[in-house]
A.B. asks: 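I have a structure here, written as C-alpha cells, and I will follow up with some questions on it.
Because the structure is a prediction, the values reported are computed rather than measured.
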Amino acid sequence: MAKKKRKFPALRLIVLAVAAGAVGGAIAVYVKGDPNGNTAPAPIVAQADNSACAMKEAEARRIGAAATGEVAAMLAASPPKSMNALRFDGPEGQKLSISDFSDKLVLLNLWATWCVPCREEMPALDALQADKGSDRFEVVAVNVDRGDDEKPKAFLQETKIHSLGYYRDASMGVFNDLKREGLALGLPATLLIDKDGCLIAHMNGPAEWSSEDAKRLIDAALSAGE
C-alpha cells in the first residue's frame, strides 16, 4: 500500500471498518470467559488516574483538527485519558506497557493476520515508522492473533515489514480493555498517545498512514508536546 499509494475512499473505508468490526466482535465473543478477555476483573484504563490527562482536552482538540484527508477519521479524545497501564509483549518477549514509552509520542495500532484491512495498511504503517520514527515518535503495531508467533511473523516477513518493532498480545487483553472504553470497536484500531501516556486521538478502521496527511498529523502532535 505504501509503495503503490493506495487510497481509502470514504465509502470503502466505512465498508472495511464495518467488516473489521464484525470480525473483531466475533473474536471478542469467542474469547469471552478468558481470564485476560472480556471478563477480566481489572479494566486497567478505567482504573487509571486521569486527572493530568483531562487537562489536555484543548490540546487534543487542536491535534484532532489536524486530522484531515486520509486520516480524517482520527477523532480527538474527549476527554483525554491515561493509557500508561496498557500491557503487551515487546520484540524480545519482554513485558511492556505504554509507560515504557514515556517522553515519546506513540501511534498504537492493533492488528491481526485475519483482518484484511489491517494487512492492507501494515506497509503504510511501516513506511511511516521509517520516515518519522525517532527518539520522539514510534509506531507501535501490536499483533493480537491468538496462538503462537508463527502466522504474524510469517506475514511480516512476506510483506517485507522491516521498520516496525514486533509487539504482541496473544491474550487480546489490550484489545478487550480498549473495547470496554469504546476505543476498539473492531480491527484495526489506532490510538495517538502523547509523551505522558495520555490518549490524544483515536480511530477505528484503516487509513493511509504513509500519506502527507498522516505525516502532518504526527508533526502537529509532536509540536504540541514541545
A.B. asks: Compare every heavy atom of G147 with every heavy atom of A170, then report the nearest pair and how far apart it is.
C.D. replies: CB-O, 3.8 Å

A.B. asks: Measure the spacing between CH2 of W111 and CZ of R119 and express it to the nearest 0.5 Å.
C.D. replies: 8.0 Å

A.B. asks: May I have the step-by-step check of side-chain contact (heavy atoms from CB on, under 4.5 Å) for L164 and V139, ending in yes or no?
C.D. replies: CA-CA 7 Å; L164 295 175; V139 177; 3.6 Å; yes

A.B. asks: Please determine if D196 and K56 form a salt bridge, counting it only when a charged side-chain N lies under 4.0 Å from a carboxylate O.
C.D. replies: yes

A.B. asks: Yes or no on side-chain contact (heavy atoms from CB on, under 4.5 Å) for I200 and L191, after CA distance, side-chain angles and deciding distance?
C.D. replies: CA-CA 8 Å; I200 296 299; L191 282 63; over 6 Å; no

A.B. asks: For residues T113 and D145, is any side-chain donor paired with an opposing acceptor at under 3.5 Å?
C.D. replies: yes

A.B. asks: Just do the side-chain contact (heavy atoms from CB on, under 4.5 Å) check on N109 and E121 with the steps written out, would you?
C.D. replies: CA-CA 10 Å; N109 177 272; E121 76 172 355; 3.0 Å; yes

A.B. asks: Find the distance between CG (D169) and CG (N143) and round it off to the nearest 0.5 Å.
C.D. replies: 9.0 Å

A.B. asks: Please tell me if the side chains of E138 and K104 come closer than 4.5 Å, counting only heavy atoms from C-beta onward.
C.D. replies: yes

A.B. asks: Could you check if a side-chain atom of L199 sits within less than 4.5 angstrom of a side-chain atom of L192, using non-hydrogen atoms only?
C.D. replies: no

A.B. asks: I'd like to check K195 versus S102 (side-chain heavy atoms, cut-off strictly below 4.5 Å). Are they in contact?
C.D. replies: no

A.B. asks: Would D219 and K132 pass as an ion pair if we require N to O under 4.0 Å?
C.D. replies: yes

A.B. asks: Checking D131 side chain against L128 main chain: does a donor-acceptor pair fall under 3.5 Å?
C.D. replies: no

A.B. asks: Under a 3.5 Å distance rule, please check whether E150 uses its side chain to pair with a backbone N or O of D148 as donor and acceptor.
C.D. replies: no

A.B. asks: When clusters are formed by joining ILVMFWY residues with side-chain heavy atoms under 4.5 Å apart, either directly or through shared neighbours, do L217 and L222 land in the same one?
C.D. replies: yes

A.B. asks: Does either side chain, that of D213 or that of S211, offer a donor lying less than 3.5 Å from an acceptor on the other one?
C.D. replies: no

A.B. asks: So which heavy atom on L156 is nearest to which on M122, and how close?
C.D. replies: CD2-CE, 3.8 Å

A.B. asks: Using every non-hydrogen atom in the two residues, find where G186 and N204 come nearest and quote the distance to one decimal.
C.D. replies: N-OD1, 3.6 Å

A.B. asks: At their closest point, which heavy atom of A60 faces which heavy atom of A77, and how far apart are they?
C.D. replies: CB-O, 3.8 Å

A.B. asks: Measuring from L110:CG to K179:NZ, what's the distance to the nearest 0.5 Å?
C.D. replies: 13.5 Å

A.B. asks: Should F88 and I98 count as side-chain neighbours, where that means a heavy-atom distance under 4.5 Å?
C.D. replies: yes

A.B. asks: Are D126 and S163 side-chain neighbours, meaning at least one heavy-atom pair lies under 4.5 Å?
C.D. replies: yes

A.B. asks: Charged N to carboxylate O below 4.0 Å: is that the case for K215 and E212?
C.D. replies: yes

A.B. asks: So which heavy atom on P123 is nearest to which on E120, and how close?
C.D. replies: CD-O, 3.5 Å

A.B. asks: Establish whether F137 and I161 are linked, either directly or via other cluster members, by ILVMFWY side-chain heavy-atom contacts under 4.5 Å.
C.D. replies: yes

A.B. asks: Return the minimal non-hydrogen interatomic distance between C118 and P188, and the atom names on each side.
C.D. replies: SG-N, 3.5 Å

A.B. asks: Less than 4.5 Å apart, side chain to side chain, heavy atoms only: is that true for T190 and L108?
C.D. replies: no

A.B. asks: To the nearest 0.5 Å, tell me how far T68 OG1 sits from M74 CE.
C.D. replies: 12.0 Å

A.B. asks: With a sphere of 6.0 Å drawn around CD of Q157, does it hold more than 12 non-hydrogen atoms of other residues, nucleotides or ligands?
C.D. replies: no

A.B. asks: Which value, rounded to the nearest 0.5 Å, describes the distance between M83 atom CE and E181 atom CD?
C.D. replies: 6.5 Å

A.B. asks: Answer with yes or no whether the hydrophobic clustering places W209 together with F155; edges join I, L, V, M, F, W, Y residues whose side-chain heavy atoms lie under 4.5 Å apart.
C.D. replies: yes

A.B. asks: Do you see a donor-acceptor pair shorter than 3.5 Å between the side chains of Y166 and D89?
C.D. replies: no

A.B. asks: In Å, rounded to the nearest 0.5 Å, how long is the span from SG of C198 to CD of E57?
C.D. replies: 12.0 Å

A.B. asks: Please check if L75 and L187 belong to a single hydrophobic cluster, counting links between Ile, Leu, Val, Met, Phe, Trp and Tyr side chain heavy atoms closer than 4.5 Å.
C.D. replies: no

A.B. asks: Please examine the side chains of E59 and D194, heavy atoms only from C-beta on, and report whether any two atoms are closer than 4.5 Å.
C.D. replies: yes

A.B. asks: Is there side-chain contact between R146 and M172, with at least one heavy-atom pair below 4.5 Å?
C.D. replies: yes

A.B. asks: Could you go through the side-chain contact (heavy atoms from CB on, under 4.5 Å) check for L105 and I218 one step at a time?
C.D. replies: CA-CA 9 Å; L105 178 70; I218 298 306; 4.1 Å; yes

